[in-house]
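Ligands are counted one by one from 1 in listed order, and the atoms in each one are counted from 1 as well. Along the sequence shown, the residues carry numbers beginning at 1.
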Amino acid sequence: MRLTATPLIKVNYLGVNLFVKRDDLYPISGGGNKGRKAEYILAKCIAEGCNAVVTCGGAQSNHVRATAIRCKELGIICTIVIHASEPSESNGNLKLLQLLGVKIVYCEMVDVAKVMDAEMAEHAKQGLKPYYIWGGGHCLEGTQAFYDAAFEAHTQAKQHFDLVFHASGTGATQAGLHVGFKKINLATQVIGISVARQNPRGTEAITHSVLEFVNENELDTQLSENIIFDDEFIAGGYEKTNPEQLNVIKSVAEQTGIILDPTYSGKGWYGMQQYIKSGKVKPGSNVLFWHTGGLLNLMATKQI
Ligand SMILES: Cc1ncc(COP(=O)(O)O)c(C=O)c1O
C-alpha cells in the first residue's frame, strides 16, 4: 500500500474545539473517502490473484472514479457499470472516468446486477481473473480502511474526541469509524449524517457492517453499540439540497477555506452545525469533522 496520513487541521468554529480530518485531500485525483476504501479493496483484489475489476455506481459516483484511478495505477483492467443513461454532458467524476479510458457500460438501475454478472463473465472469457466490487465499495475492506483511519486521526490529534461527524451513505465509512473510535475510547460518539437514506434502513446497513467487522476480528461486541445515523438533514434525498445547506457551504468556504459539496460533505457539515447550534454539543467539546471529499460533485453541480 502507499497510504500516507491525510492532514488533520484545527479550525475556529462556533466556540467548539473543531478538528477537520482532510480526507478530501486523500492522495488520488479528486480525493475523498472512496480513495481510502479503494486502496484496501484493490489490495485484496491483488492478494486474491485477480487482474480485472467490475463495479458500479451513479454517473457522479466517487467510488467508481477512485476505483478506476487506482486500477490504472496498479495495471488492473476495470469495467464500470453506471446505472443511468449516458449524459449528454460529461463533467465531475464522469469526466475523469472517461479520461481514464476504462470500459463504461450504461444501464437501468434494475439491470445492474445482471449487467455486472455479464461483465464478470466477459472478463473470464478473455482469460482474466475478475474481482467483483459492490457499489460504494461497501465491504469488509472498506470498513477496515476506516477502522484504521480512526487510529490515524487519533495518533495525529494525541487526544480523544467527544464527537465525530461525517457524511454517511452506504455505511462502511461510518462502520469503520464507529468501531475504530469506540476501540480507542468508548465515550467517543460517531454521528453519521445521512446523505440520502432514511431510517431504519440506514442504521440497519451500518449495524450489519459493524457486526460483520466486530465478528470477523473477534472484537468486543460493546464496540457495536450506540450507532447514530441521523436522517434529518437529507434535504429531499440524494443529490438534493436546500438554501440553508448551500449557505453553510458558502460561509464555511469564506470563513475557513474548506470546500464542501451539496451531495455529501455539505450535508455532513450542515448536520454538525445544527447539532452545535441546538446546544447538543457541549461548549468546549472536542469535535472532529471527517471531511469525506466531494469536490468533483461540487464541480458537476449547477446548484451552487
Ligand atoms: C464524498 C463522499 N462522502 C461520503 C460518502 C459516504 O460514504 P459511505 O458510502 O461509505 O457511507 C460518499 C459515498 O459515496 C462520498 O462519495
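- When the options F233, F289, W290 are evaluated for a ring-ring contact (aromatic ring centres under 6.0 Å, His included) with W269, the one that passes is F289.
- In terms of the ring pair (Phe, Tyr, Trp, His ring centres under 6.0 Å) criterion, residue partners of F151 (sequence neighbours excluded) are, by chain and number, Y147.
- The backbone N or O of Q60 sits less than 3.5 Å from a side-chain atom of N297, completing a donor-acceptor pair.
- Residues satisfying the ring pair (Phe, Tyr, Trp, His ring centres under 6.0 Å) criterion with F165, sequence neighbours excluded, are Y275.
- N286 meets the side-chain hydrogen bond (donor to acceptor under 3.5 Å, both in side chains) test with N17, Q159; sequence neighbours excluded.
- Side-chain atoms of D261 come within 3.5 Å of backbone atoms of Y264 as a donor-acceptor pair (strictly under, hydrogens ignored).
- Near ligand 1, residues N33, K34, K37, N62, A167, S168, G169, T170, G171, A172, T173, Y264, T292, G293, G294 come within 4.0 angstrom through at least one heavy atom.
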